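Chain identifiers are assigned alphabetically (A, B, ...) following the order of the sequence lines, protein sequences preceding nucleic acid strands; residue numbering begins at 1 within each chain. It should be emphasised that the depicted structure is a prediction, and the values quoted were computed from it without experimental measurement.
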Protein chains: 2
Amino acid sequence: MRNAALKADTSLQILDVAEALFSERGFSAVSLREIARQAGVVVSNVTYHHGDKIGILAAIYDRHTRPMNARRIELLGEARRIPDRADRLTAILRAYLLPAFTSSSDLMGGGTRFTRMRALLSAEGDPEAQRIIAQAFDQTTSQFIDAISECLPGASRGDIVWRAHFLLGALYYTLINPERIGRLSKGQITADDNETAIGQLVSATHASLIALSP
Amino acid sequence: MRNAALKADTSLQILDVAEALFSERGFSAVSLREIARQAGVVVSNVTYHHGDKIGILAAIYDRHTRPMNARRIELLGEARRIPDRADRLTAILRAYLLPAFTSSSDLMGGGTRFTRMRALLSAEGDPEAQRIIAQAFDQTTSQFIDAISECLPGASRGDIVWRAHFLLGALYYTLINPERIGRLSKGQITADDNETAIGQLVSATHASLIALSP
DNA sequence: GTCTATAGCATGATAGAC
DNA sequence: GTCTATCATGCTATAGAC
């Protein structure tokens with residue numbers, strides 16, 4: 001009774017463990033046995049709560065996409081009210097990236113863990129996982145591309161889509177390979193610093209977009 | 001006797017099949033059995049020629065890295081002789097990207113297949129594979145960063161490393177997810193076109209780098 | 001809701017005949 | 001150099017007792 005508030009629901013406990021493992025090693029490389037062991041339950045307990053393995057992934061998406069997209073749309077609304085086009089573009093890019101690093105909900109680990117999991121999933125190419133990814137995010141992304149277009153009179157939508165595509169690739173690669181940038185710069189940079197990564201992503205993408213508007 | 005020139009060496013035949021499969025689905029998701037079946041041999045024949053599974057990957061790297069890096073250094077040497085800094089930067093970026101798409105050797109499939117395999121490997125995070133990746137390419141990359149630095153007086157090396165890091169992420173993401181850009185732009189763009197992808201990568205990265213030089 | 005037990009199958013690797 | 005046969009292990013998923 002005294003520990004009722006501390007005792008996490010088993011179903012949620014399994015999701016936490018699975019999310020941590022998926023964000024470290026991807027989907028197929030993580031076994032139900034390992035999830036069960038780290039969650040302190042037996043394998044059949046995992047499938048009891050979430051059906052099959054892809055059901056675990058669907059549940060993780062379910063609890064993240066809604067608050068993350070809501071936060072993005074909220075920040076996007078604020079950004080669109082900035083009059084100066086260059087400043088507005090910066091705010092739009094930050095509105096897209098911030099929720100990917102810091103979750104708006106109280107889910108532990110912030111958004112970085114979830115975003116890194118998505119990066120690994122996008123590379124794995126599992127057909128069932130790809131279906132979950134696509135339907136969850138492309139719709140929100142289109143709204144951002146519309147907002148970016150309004151900052152760049154004369155730029156073609158096709159070019160903007162390519163730049164946005166590159167932004168996502170750069171974001172994912174940074175989360176997947178955080179140690180690589182330290183190796184190349186001889187240890188002077190650490191990509192673990194989220195704020196630095198966001199700033200670099202924003203300024204690089206800003207420059208690549210501004211160049212499209214004559 | 002008559003077909004001696006047509007009969008490919010079994011060892012090479014296995015490498016061709018493995019490379020095609022690894023570039024489609026990554027390393028761990030491809031089984032020795034599938035490689036053997038598509039190569040028309042039995043499983044034990046694969047391990048006879050290349051030792052264990054990681055040995056196949058090492059052999060694939062062995063036959064690609066040398067010609068690809070040689071071609072890069074050759075094109076880089078030509079680029080560095082261009083006097084105008086902005087034009088030189090464009091040439092340097094193309095010197096980095098072109099060998100990643102079109103191999104200099106006569107290996108079938110061009111460089112795209114090998115580069116896509118590297119993209120998938122970088123996301124998979126297999127420790128043994130990571131070791132092979134790192135030692136093969138970071139050295140060449142450093143030479144390119146030096147050349148880029150010379151085009152951008154006043155820019156910090158750290159900022160340049162970040163931009164180059166983003167370029168690799170954008171390249172990999174484009175090769176991993178070629179259909180996504182078509183979906184976002186409502187079918188007006190196809191990322192299958194290598195020349196378009198190279199052009200977009202070059203101009204986006206060029207703009208992000210030029211912005212660093214005051 | 002949690003457990004034990006196991007079915008049914010795929011995997012990487014190796015031994016040994018030819 | 002190529003084959004058959006097999007080992008030891010891992011996997012997802014399910015049945016059924018409590």
Geometric class of the [Y]/[X] ring pair [parallel <30°, tilted 30-60°, perpendicular >60°]:
X        : Y        : answer
A/Tyr172 : B/Tyr173 : perpendicular
B/Trp162 : B/Phe166 : tilted
A/Tyr96  : A/Phe144 : perpendicular

Grab the [atom1]-[atom2] distance between [X] and [N] for me, whole Å please.
X       : N      : atom1 : atom2 : answer
A/Arg37 : C/dT2  : CZ    : P     : 19 Å
A/His49 : D/dT14 : NE2   : P     : 16 Å
A/His50 : D/dA13 : NE2   : C1'   : 16 Å
A/Ile35 : D/dC11 : CD1   : P     : 11 Å
B/Asp9  : D/dT2  : CG    : C1'   : 13 Å

key: Salt bridge present between B/Glu128 and B/Lys53 (N-O < 4.0 angstrom)   = no

inquiry  = Given B/Arg163, which partner from the list B/Leu209, B/Ile148, B/Leu152, B/Ile145 fulfils the side-chain contact (heavy atoms from CB on, under 4.5 Å) test?
reply    = B/Leu209

request  = With sequence neighbours excluded, give me every ring-ring contact (aromatic ring centres under 6.0 Å, His included) pair touching residues 26-56 of chain B.
outcome  =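 Only B/Phe22-B/Phe27 qualify under ring-ring contact (aromatic ring centres under 6.0 Å, His included).
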
request  = Look at B/Asn45 and D/dC3 and indicate whether a side-chain polar atom (N or O) is within less than 4.0 Å of OP1 or OP2.
outcome  = yes

request  = Would you mind building the protein contact string for nucleotides 8-18 of chain C? One character per nucleotide, 5' to 3', B for base within reach (heavy atoms under 4.0 Å), S for sugar-phosphate only, - for untouched.
outcome  = ---BBSBB---

